[in-house]
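Input: a single structure, listed below in structure tokens.
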Amino acid sequence: QLRVVESGGGLVEPGGSLKISCQVYGSTFDYDTVGWFRQAPGKEREGISCISRSGNNRDTATSLKGRFTVSRNKNTVYLQMSGLKPEDTARYFCAVRTPATCTFNAQLYEAWGQGTQVTVSS
């Protein structure tokens with residue numbers, strides 16, 4: 001059974017950078033793609049970025065390209081965020097799915113972490 005754990009969230013000033021991590025525990029054969037999502041209070045969950053095991057299939061939401069970058073090292077996936085804005089404040093979640101294709105459809109992910117809070121404020 002897979003277990004997903006996010007870490008690295010915190011308080012950052014506007015314009016700052018932050019790198020959060022997603023560690024997947026369990027059999028490496030049980031999943032391929034890892035996705036990042038976020039949810040702010042009162043808003044729907046939003047797909048941010050995703051990456052396949054090989055790294056050949058990856059995507060980032062159009063509105064976040066240039067500021068958010070996803071990378072992967074074995075069972076750890078990172079989300080590097082720069083130029084952070086107050087509207088980036090949210091709880092950031094990591095999720096995994098078996099197919100090796102990126103999607104921002106949260107319903108297609110099979111296991112989720114508890115999330116890590118990112119707050120952008122001065």
Side-chain angles (χ1 to χ4, degrees):
Q1 188 173 356
L2 296 172
R3 186 165 68 95
V4 181
V5 180
E6 304 92 337
S7 63
L11 175 64
V12 62
E13 292 187 349
S17 298
L18 192 66
K19 188 175 184 178
I20 57 178
S21 303
C22 171
Q23 178 74 41
V24 183
Y25 298 92
S27 173
T28 58
F29 297 102
D30 289 341
Y31 76 101
D32 191 290
T33 299
V34 177
W36 280 105
F37 296 79
R38 69 183 181 184
Q39 188 166 20
K43 294 188 177 180
E44 294 186 354
R45 189 164 294 192
E46 172 189 15
I48 299 172
S49 195
C50 51
I51 185 169
S52 63
R53 178 180 302 281
S54 67
N56 293 333
N57 191 337
R58 68 177 75 190
D59 197 10
T60 298
T62 300
S63 62
L64 299 175
K65 287 181 179 177
R67 295 198 300 122
F68 287 26
T69 303
V70 65
S71 61
R72 184 167 185 167
N73 181 8
K74 296 182 180 180
N75 286 347
T76 302
V77 174
Y78 304 95
L79 184 66
Q80 176 69 52
M81 304 178 288
S82 61
L84 284 164
K85 307 174 183 179
E87 51 263 43
D88 293 319
T89 295
R91 192 160 187 86
Y92 285 68
F93 297 88
C94 180
V96 300
R97 67 191 297 260
T98 303
T101 51
C102 273
T103 176
F104 293 146
N105 185 340
Q107 295 182 347
L108 297 180
Y109 284 80
E110 299 149 23
W112 290 79
Q114 295 299 308
T116 186
Q117 179 67 33
V118 174
T119 301
V120 184
S121 175
S122 55

| message | If you apply the rule ring pair (Phe, Tyr, Trp, His ring centres under 6.0 Å), what do you find for Phe37 with Tyr109, and how did you get there? | response | CA-CA 11 Å; Phe37 296 79; Tyr109 284 80; 5.2 Å; yes
Run the side-chain donor-acceptor check on residues 13-20: report pairs under 3.5 Å with partners two or more places apart or on a different chain.
none

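- Screening residues 72-87 for salt bridge (Lys or Arg N to Asp or Glu O under 4.0 Å), with sequence neighbours left out, gives no hits.
- With values rounded to the nearest 0.5 angstrom, Arg58 atom CZ is found 7.5 Å from Ser52 atom OG.
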| Verdict with supporting geometry, Leu2 and Trp112, side chain to side chain contact (heavy atoms under 4.5 Å, CB included) | CA-CA 9 Å; Leu2 296 172; Trp112 290 79; over 6 Å; no
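- Side-chain contact between Tyr92 and Met81: present, with at least one pair of heavy atoms (C-beta onward) separated by less than 4.5 Å.
- Linking ILVMFWY side-chain heavy atoms closer than 4.5 Å, directly or via other members, places Val70 and Leu84 in a single hydrophobic cluster.
- Heavy atoms only, all atoms of each residue included: Ser82 and Gly66 are closest at OG-O, 4.3 Å.
- Judged by distance alone, the side chain of Thr116 and the main-chain N or O of Gly9 form a donor-acceptor pair under 3.5 Å.
- Sorted by first then second residue, the salt bridge (Lys or Arg N to Asp or Glu O under 4.0 Å) pairs that include residues 89-116, not counting sequence neighbours, number zero.
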| message | side chain to side chain donor-acceptor pair (under 3.5 Å), that's the test. Do Thr69 and Gln80 meet it? Break it down for me. | response | CA-CA 5 Å; Thr69 303; Gln80 176 69 52; over 6 Å; no
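- When side chains are defined from C-beta on, Val77 does not count as touching Ser21, because their heavy atoms never get closer than 4.5 Å.
- Remark: the backbone N or O of Cys94 is paired with a side-chain donor or acceptor of Glu6 at under 3.5 angstrom.
- The distance from atom CG of Leu64 to atom CG of Leu79, rounded to the nearest 0.5 Å, is 8.5 Å.
- Between atom SG of residue Cys50 and atom CG of residue Asp32 there is a gap of 11.0 Å, rounded to the nearest 0.5 Å.
- Taking every heavy atom of both residues into account, Ile51 and Gly55 meet most closely at CG1-CA, 3.9 Å.
- Every residue two or more places apart in sequence or in another chain that forms a salt bridge (Lys or Arg N to Asp or Glu O under 4.0 Å) with Glu46 is listed here: Arg38.
- Annotation: side-chain hydrogen bond (donor to acceptor under 3.5 Å, both in side chains) contacts of Asn73 (sequence neighbours excluded): none.
- Under the 6.0 Å distance and 45° angle rule, Arg45 does not count as a cation-pi partner of Phe104.
- Rounding to the nearest 0.5 angstrom, the gap separating the OG atom in Ser49 from the CZ atom in Phe68 is 9.5 Å.
- Evaluation of the side-chain hydrogen bond (donor to acceptor under 3.5 Å, both in side chains) rule for Arg3 yields no partner, not counting sequence neighbours.
- Val118 and Val4 fall within a single hydrophobic cluster, where Ile, Leu, Val, Met, Phe, Trp and Tyr side chains are chained together by heavy-atom contacts under 4.5 Å.
- Side-chain atoms of Cys22 and Val34, non-hydrogen and from C-beta on, do get closer than 4.5 Å to each other.
- Interatomic distance, OG1 of Thr33 versus CG of Asn57, reported as 6.5 Å (0.5 Å rounding).
- Between atom CZ of residue Arg67 and atom CG of residue Asp88 there is a gap of 4.0 Å, rounded to the nearest 0.5 Å.
- Hydrophobic clustering of Ile, Leu, Val, Met, Phe, Trp and Tyr side chains at less than 4.5 Å, counting indirect connections, unites Val24 with Ile48.
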